[in-house]
2 protein chains.
Amino acid sequence: MTAANPPSSSQAEFEKIDASFQMTVRDHVHRAMRSAIISGRFQPGQKINERNLAEQFGVSTTPIKEALRQLETEGLVEALPRRGVVIRFSMSWAEEMILARAALESMIAHLAAKRIDEKGKAALSVIANRMKEATASGDADSLIALNETFHDHVHKSSQCGYLAKLIERQQFYDASIRRVIHLDPTERQKALDEHVAIADAITAGDTDKAERTMRDHVVRSGDTYLSIVFKKKGEV
Amino acid sequence: MTAANPPSSSQAEFEKIDASFQMTVRDHVHRAMRSAIISGRFQPGQKINERNLAEQFGVSTTPIKEALRQLETEGLVEALPRRGVVIRFSMSWAEEMILARAALESMIAHLAAKRIDEKGKAALSVIANRMKEATASGDADSLIALNETFHDHVHKSSQCGYLAKLIERQQFYDASIRRVIHLDPTERQKALDEHVAIADAITAGDTDKAERTMRDHVVRSGDTYLSIVFKKKGEV
DNA sequence: ATTTCAAATCTGATATATCAAGTTTCACAC
DNA sequence: GTGTGAAACTTGATATATCAGATTTGAAAT
């Protein structure tokens, strides 16, 4: 289904260019606002003024309104009809985002363990080995990238599109915070052990174990992020 | 915190009016479009024209664009920058929505079993008993309403706001389809047994069992809806 | 000082206009 | 017939204008 096929004509095969490559103003605003909200640059309950925002970004209110609708559907702001939008993000919201991600990732891990093929297993093993190396050498940047590769590969193996998309929206920490975590050797080791356990379970087709190890991993690492972002220890 | 408090002044106490009560054009469009998509009135991959839609609804394109952004974030349509939006809903998408709901509802059931108080247990028991009666008498309309009450009560007991909101978006069947299901005595009985099992587990504080019974319930009933909406049997 | 209420103001909701990227059409060259 | 490319057309993206609900203000009444 991938490279094994002979070219149907004498043309070389290329992957479709990702349409989301090009940036629109509303997406820029959406990302910027999302990042600002989840990094705490707005207070919970704070009101958002559309005209102000438009002026700050130097654009009209149209793309602002669209970005706000996206944030609203994501659950990061609440829209009160004819009264504007207010920020809805706090530590408890972040805790629930972790739980949501844990529930969804463990579901997808279950399916990955059920549906992964031999090629996928091999690829997963390669990723896991690279993680071992990067952990040993303390290469934080590689680990951050590999972490994303790992989870993306699990998503692909599960053959789930909707679930994968849904999971993307449950992330409330960004690159800079990840970096802090991955610079700690203890954290690095914990994450590695968990990733290896997940990979083993999926490769073995052990749906139950894949589910449990993934959930534990998401919850534990999520709590670590929580304690950094909100400067205190969270329990679930 | 509820009715036990004496009035702080001589004023009677009223619940705040739900701000989402008032309807805006964009919400009307959003709901109408969502309903149309999940009931299959658009083909997967079909292109949506903003101006056409605006004309059909008899409004300008502004609220249309906002509604489309909401649908996009929900995952029901995909926006290709500068090329418009296309429908992204099919049987496989619906299957995944069921799985997402199963994962999230079981997580919330787990928390409900952990956090519910005595008053909540009593209320849950009342709901379960009403369900038994309605099932015995075959009152489909009451059952539909009670079903919603039941799940809402579990959500409340879990004290989760974000998760509850997230779950609302994973519903792809509406009242008319529910009615078909609840008119079947066998289905009614199955649903009752499951609801009772869930209520028992939550009341007993058995987080594990609450999780499992809830998941099984959502998946099984989801498959029933699936087979009706898409006219064939789905397996997961 | 407190309450009342209408005018002024603010601001989100909607409509309309403009711009630019994407698509289609079709004449023309090979 | 096939490929090329420019013009015409379509349509999403953005900007601006208008409307109406919500909030604030302040003078008058008590």
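What you see is a predicted model, and the numbers here were worked out from it, not measured in a lab. Lettering of chains follows the sequences in order, A, B, ..., and the numbering in each one begins at 1.
A distance of 13.0 Å separates CZ of Arg34(A) from CG of Asp27(A), quoted to the nearest 0.5 Å. With values rounded to the nearest 0.5 angstrom, Ile177(A) atom CD1 is found 11.5 Å from His182(A) atom NE2.
Side-chain contact between Met33(B) and Leu76(B): absent, with no pair of heavy atoms (C-beta onward) separated by less than 4.5 Å. In this structure, the side chains of Phe150(B) and Arg130(B) stay at 4.5 Å or more apart for every pair of heavy atoms.
Between Phe230(A) and Phe172(A), the two ring planes are tilted [angle within 30° to 60°].
Under the 3.5 Å distance criterion, with hydrogens and angles disregarded, a donor-acceptor pair is assigned to the side chains of His30(A) and Glu74(A).
Using a 4.0 Å heavy-atom cutoff across all strands shown, Ile64(A) reaches no nucleic acid atom at all. When heavy atoms are screened at a 4.0 angstrom cut-off, Val85(B) is found touching no nucleic acid atom at all. Residue contacts shown for Ile48(B) are limited to sugar-phosphate atoms, with no base heavy atom under 4.0 Å away.
Remark: C1' of dC10(C) and CZ of Arg82(A) are 14 Å apart, rounded to the nearest angstrom. Per the geometry, CZ belonging to Arg83(A) stands 11 Å off P belonging to dA13(C), to the nearest Å. To the nearest angstrom, C1' of dA13(C) lies 13 Å from CD of Gln70(B). Computed from coordinates, the Gln22(B) CD to dG12(C) C1' distance equals 12 Å when rounded to whole Å.
DNA chain D is contacted by both Arg51(A) and Val25(A); Val25(A) maps to the nucleotide lying nearer its 5′ end (nearest heavy atom per residue). Each of Asn52(B) and Lys47(A) was assigned the nucleotide of DNA chain D with the nearest heavy atom; the assignment lying further toward the 5' end belongs to Asn52(B). Mapped onto DNA chain C by nearest heavy atom, Gly84(A) and Thr62(A) fall at different nucleotides, with Gly84(A) at the one closer to the 5' end.
Taking the 5' to 3' direction, DNA chain D first and last meets chain A under 4.0 angstrom from a heavy atom at dA13(D) to dT23(D).
When atom types are taken as modelled, the side chain of Ser227(B) and the backbone of Thr224(B) share a donor-acceptor pair closer than 3.5 angstrom.
Contact annotation: Arg26(B) side-chain N/O to dA13(C) OP1/OP2 distance is under 4.0 Å.
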